[in-house]
Engineer: 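Quick one: this structure, given as structure tokens, is what I'll be asking you about.
Every chain is numbered from 1 and lettered A, B, ... according to where its sequence line falls, protein lines coming before strand lines.
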Amino acid sequence: MAIEVRIPTILRTYTGGQKAVEGSGSTIDELFKDLEARHPGIRERLVDETGELRRFVNVYLNDEDVRFLGGIATELGDGDSVTILPAVAGGAG
Amino acid sequence: MLAPMLTITRALHDQIVAHARADHPDEACGVVAGPAGSGRPERFIPMLNAARSPTFYEFDSTDLLKLYREMDDRDEEPVVIYHSHTATEAYPSRTDISYANEPGAHYVLVSTADTDDAGPFQFRSFRIVDGQVTEEDVQVVQAY
């Protein structure tokens with residue numbers, strides 16, 4: 001099952017500079033484990049110790065934030081496109 | 001390589017300050033996009049602060065995807081990422097540093113802490129790379 005994954009600038013150090021890579025998996029969780037096998041280190045930037053998506057990383061299935069779908073368990077189909085974008089956030093705190 | 005300073009037009013500078021002022025006491029945020037690799041801020045894109053908070057900002061996630069797709073289609077990048085601090089100085093906070101994920105961008109901070117006296121507004125620019133903050137000069141010009 002081929003999924004196109006769009007990689008943000010900050011994570012392209014893991015993909016040899018590539019803006020988009022291919023992965024496979026029937027869920028976001030499986031896809032990220034597959035990405036880790038191909039691009040070691042990347043999964044830790046996306047997923048926290050409990051296995052959930054990091055709060056300040058946005059993951060989209062096609063046009064939809066997966067938080068509004070099934071989160072890390074969101075199901076994927078052949079030909080889907082996944083986009084990763086770090087949140088743009090901050091503030092006086 | 002980007003020049004070790006931010007060069008920005010008077011018009012864009014004033015738009016950023018006006019946005020910060022309009023959203024006070026909440027933090028305002030946005031981007032000035034420019035042609036990829038040029039380092040030249042050109043297209044002012046005010047963003048909604050989804051947090052609507054005086055101490056925090058976050059681009060709405062749907063707007064964020066739209067913004068990055070649009071920049072990609074136009075071969076642009078976020079040359080400037082700006083936000084305001086509404087009660088403190090225009091210097092990156094620990095929060096700002098930990099969520100700074102665009103090492104190529106100029107992070108502009110505007111302080112509206114003295115907005116009751118209508119200025120002067122602090123307008124400062126920084127590079128934030130791997131948690132390291134470097135302030136840079138701001139050169140305001142009439143045109144590029």
Engineer: Could you state the interatomic distance from CG (A:Leu11) to CG (B:Asn101), rounded to the nearest 0.5 Å?
Structural biologist: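 If we round to the nearest 0.5 Å, A:Leu11:CG and B:Asn101:CG are 7.5 Å apart.
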Engineer: When only heavy atoms count and the cut-off is under 4.5 Å, which of residues 52-60 of chain A reach chain B?
Structural biologist: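 Residues A:Arg55, A:Phe56, A:Asn58, A:Tyr60 are the ones that qualify, each having a heavy atom under 4.5 Å from chain B.
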Engineer: Answer with yes or no whether the hydrophobic clustering places B:Tyr99 together with A:Val88; edges join I, L, V, M, F, W, Y residues whose side-chain heavy atoms lie under 4.5 Å apart.
Structural biologist: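 No, no single cluster joins them.
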Engineer: Whether the side chain of B:Glu58 engages the backbone of A:Ala87 through a donor-acceptor N/O pair (distance < 3.5 Å, no angle test) should be reported.
Structural biologist: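 Between the backbone of A:Ala87 and the side chain of B:Glu58 there is no qualifying donor-acceptor contact (under 3.5 Å).
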Engineer: Does B:Ile128 belong to the same Ile/Leu/Val/Met/Phe/Trp/Tyr cluster as B:Leu6, with side-chain heavy atoms less than 4.5 Å apart forming each link?
Structural biologist: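 Per the 4.5 Å side-chain linkage, B:Ile128 and B:Leu6 are not co-clustered.
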Engineer: With chain A as the partner chain, list the residues of residues 63-70 of chain B whose heavy atoms fall under 4.5 Å from it, by residue number, and write 'none' if nothing qualifies.
Structural biologist: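 Against chain A, the residues of residues 63-70 of chain B that fall inside the cut-off (heavy atoms, under 4.5 Å) are B:Leu64, B:Leu65, B:Tyr68, B:Arg69.
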Engineer: When clusters are formed by joining ILVMFWY residues with side-chain heavy atoms under 4.5 Å apart, either directly or through shared neighbours, do B:Tyr144 and B:Val140 land in the same one?
Structural biologist: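 Yes, B:Tyr144 connects to B:Val140 through the hydrophobic network.
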Engineer: For atom CD of A:Gln18, is the number of surrounding heavy atoms from other residues, nucleotides or ligands below 6.0 Å larger than 12?
Structural biologist: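 For A:Gln18, atom CD is crowded (more than 12 foreign heavy atoms under 6.0 Å).
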Engineer: For A:Gly91 versus B:His85, what's the shortest heavy-atom pair and its separation?
Structural biologist: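 In this case the closest contact between A:Gly91 and B:His85 is C-NE2, 3.7 Å.
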Engineer: Tell me whether the count of non-hydrogen atoms from other residues, nucleotides or ligands lying under 6.0 Å of CZ in B:Arg94 goes above 12.
Structural biologist: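 No, because the 6.0 Å sphere around CZ of B:Arg94 holds 12 heavy atoms or fewer from other groups.
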Engineer: Which pair of non-hydrogen atoms, one from A:Ala89 and one from B:Phe56, has the smallest distance, and what is that distance?
Structural biologist: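 That closest heavy-atom pairing would be CB-CZ, 4.0 Å.
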Engineer: Side chain from CB out, backbone as N, CA, C, O: work out which of these in A:Arg6 comes under 4.5 Å of a heavy atom of chain B, or both, or neither.
Structural biologist: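 Side chain of A:Arg6 only, per the 4.5 Å heavy-atom cut-off to chain B.
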Engineer: Hydrophobic cluster membership, with links at side-chain heavy-atom distances under 4.5 Å among I/L/V/M/F/W/Y: are B:Val108 and B:Ile97 in one?
Structural biologist: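 In one cluster with B:Val108: B:Ile97, no.
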Engineer: In terms of heavy-atom contacts, does CD of A:Glu75 have more than 12 from other residues, nucleotides or ligands at under 6.0 Å?
Structural biologist: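 No, CD of A:Glu75 has 12 or fewer neighbouring heavy atoms, counting only those of other groups under 6.0 Å.
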Engineer: Does CG in B:Asp73 sit with more than 12 non-hydrogen atoms of other residues, nucleotides or ligands closer than 6.0 Å?
Structural biologist: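 Yes - once you tally the heavy atoms of other residues, nucleotides and ligands closer than 6.0 Å, there are more than 12.
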Engineer: Is there a path of hydrophobic side-chain contacts, each under 4.5 Å between heavy atoms of I, L, V, M, F, W or Y residues, that connects A:Leu85 with B:Val31?
Structural biologist: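 Same hydrophobic cluster.
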Engineer: Let's test your reading of the structure: which of B:Leu109, B:Asp96, B:Asp72 forms the most heavy-atom pairs below 4.5 Å with chain A?
Structural biologist: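 Sorted descending by pairs with chain A, the first entry is B:Asp96.
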Engineer: May I ask you to name which of B:Ser61, B:Pro54, B:Ser93, B:Pro78 has the most heavy-atom pairs under 4.5 Å with chain A?
Structural biologist: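 Top option by heavy-atom pairs under 4.5 Å: B:Ser61.
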Engineer: Is it the case that over 12 heavy atoms from other parts of the model lie below 6.0 angstrom from the CD atom of A:Glu4?
Structural biologist: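 Counting neighbours around CD of A:Glu4, more than 12 heavy atoms of other residues, nucleotides or ligands fall under 6.0 Å, so yes.
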Engineer: Kindly give the heavy-atom pair with the smallest separation between B:Pro103 and A:Ile10, and that separation in Å.
Structural biologist: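 For B:Pro103 versus A:Ile10, the nearest heavy atoms are CD-CD1, 3.7 Å.
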